[in-house]
Structure formats: C-alpha cells, structure tokens
> 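Below is a structure I'd like to ask you about.
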Amino acid sequence: IVYFGLGLPFALEIVFLVMPFIIFGKLILPKIKIPNLKILVASFIIWALSFQIIVYFTNTYLEISGRRYPFFPICHLTAIAGTVFICCLCGYFTKLHNISKPFIILGKYTIFVLIAHMFDYIFSSLWDITGNNYLHVLIRIPLDICLAYIIYKCKQFFTSVFKNKTLKII
C-alpha cells in the first residue's frame, strides 16, 4: 500500500515500521546506560558506513514521516546504529557538565522537536534548496530547533492563558 503512495488509516503502517525500534530499544537500553567506548565506536562505524551506502545508491535517507525507506532493512540498521551512538555519546556528555547542559535542555524538550516534524511538508522548501543531503542537514537542524522553540513558546502561552480555567460542558 505504501509503495503506491497510499497509507493506512491513522498512519497504521508507521506503527508496524516503528515497532522494531521500540523492541530494540527495550532490549539494548540496559546495555548502553553505562557509557561503553566499544559500543560507541562500533555503532558510529555501522551508522556511518550504512548511511553512506544508502545515500550513495539512493541519494536519500530514511524518512518515516515521508514514507521513504531506502534499502530496507539497511535503513533500519542505520537508524538503530545512529540512535545507539547518540545514546552512548550522551552517556559520556553527562559526565561533562559544562558541555552537557545544552543537550540536556534539548533532550528535555525533544517532544517539541518531534512536533516540529509534523510540518515537514509545509516547510521543506526552506531546507530543500540544493541537491546535497549534507547541506540539507546543516540547514534543517537549526530550523527544527527554531520551530520547536516557537511551538514551546506557544505551549507556554496557551498554558498561561488557560491556567485556572475550567471547561464548562453544556
């Protein structure tokens, strides 16, 4: 169905696509809570190589919201390895308090970054100005953070406006 550009109601196909990530996360989480240099290096190498292979052959990358799954299941391996690498790296960053502070703040408000991805199709023209995927990343990360900040400020505003307000049902 997804191959033909159609999706299931309520994006149900995404649930089945994401389940391996959730299961893997539950299995690997206890192993990466303590920073491990071997896992850090291995996950980075797997991520870098598989990402380069995918980009070289398809000139795209895994985009779940856009229903792009190039070189499936290698794209899943890339996503998992990248996630493990970031988790291990964060484990090391937590020991460096001066460096970790911005990342802790960003991690605390990650939900707003995820909400910002809902607007991918609306704002894609802002970062999709070249055919270079590396340049897309350099443009998109600051845009995602700015959009997430705007969403966070909207949430703060609406929370303050509706604070102590009760909804009356007729």
Side-chain angles (χ1 to χ4, degrees), residues 11 13-121 123-124 126-130 132-153 155:
E13 74 276 7
I14 299 292
V15 173
F16 296 113
L17 182 73
V18 173
M19 285 308 295
F21 295 124
I22 294 170
I23 293 167
F24 182 81
K26 288 288 187 184
L27 294 174
I28 197 71
L29 182 63
K31 293 176 177 57
I32 61 173
K33 279 187 176 179
I34 300 170
N36 183 326
L37 187 60
K38 289 179 185 177
I39 294 175
L40 178 81
V41 172
S43 61
F44 177 76
I45 291 171
I46 292 168
W47 170 81
L49 289 175
S50 60
F51 184 76
Q52 288 300 318
I53 289 168
I54 290 170
V55 170
Y56 178 78
F57 286 107
T58 66
N59 197 29
T60 189
Y61 49 88
L62 175 68
E63 181 69 50
I64 293 174
S65 66
R67 308 319 195 261
R68 286 194 318 236
Y69 319 116
F71 271 25
F72 180 80
I74 294 175
C75 61
H76 269 60
L77 176 68
T78 305
I80 289 171
T83 303
V84 169
F85 170 71
I86 293 297
C87 289
C88 289
L89 193 63
C90 288
Y92 282 108
F93 275 160
T94 56
K95 294 180 180 189
L96 308 169
H97 297 291
N98 293 338
I99 295 173
S100 66
K101 186 71 172 165
F103 292 103
I104 291 170
I105 292 168
L106 184 62
K108 184 177 178 183
Y109 298 107
T110 299
I111 189 66
F112 298 106
V113 175
L114 292 174
I115 292 170
H117 283 283
M118 290 181 358
F119 302 103
D120 279 355
Y121 294 108
F123 296 112
S124 65
L126 294 175
W127 65 78
D128 199 11
I129 56 176
T130 71
N132 187 331
N133 283 328
Y134 299 106
L135 190 56
H136 289 182
V137 170
L138 291 176
I139 295 170
R140 185 167 181 178
I141 289 174
L143 285 174
D144 279 353
I145 291 172
C146 289
L147 185 57
Y149 182 74
I150 291 168
I151 293 167
Y152 171 71
K153 284 301 194 180
K155 182 249 180 204

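The figures that follow rest on heavy atoms only: side chains count, while hydrogens, waters and symmetry mates do not. We're numbering straight along the sequence, starting at 1.
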> In chain order, what residues pass the side chain to side chain contact (heavy atoms under 4.5 Å, CB included) check against I86, with sequence neighbours excluded?
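I86 satisfies side chain to side chain contact (heavy atoms under 4.5 Å, CB included) with C90 only.
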> Anything under 30° is parallel, anything over 60° is perpendicular, the rest tilted; go ahead and classify W47 against F85.
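Because their plane-to-plane angle is under 30°, the rings of W47 and F85 count as parallel.
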> Against I46, only a single residue in I80, V41, L77 fulfils side chain to side chain contact (heavy atoms under 4.5 Å, CB included); can you say which?
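Of the listed residues I80, V41, L77, the side chain to side chain contact (heavy atoms under 4.5 Å, CB included) partner of I46 is L77.
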> About how many Å separate SG of C146 and CD1 of I151, when rounded to the nearest 0.5 Å?
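With rounding to 0.5 Å, CD1 (I151) is 11.5 Å from SG (C146).
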> Specify the closest pair of heavy atoms between V84 and I39, including all atoms of both residues, with the distance to one decimal.
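Heavy-atom minimum between the residues: CG1-CG2, 3.6 Å.
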> Measure the CG-CD1 distance between L49 and I54 for me, rounded to the nearest 0.5 Å.
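Those atoms lie 11.0 Å apart.
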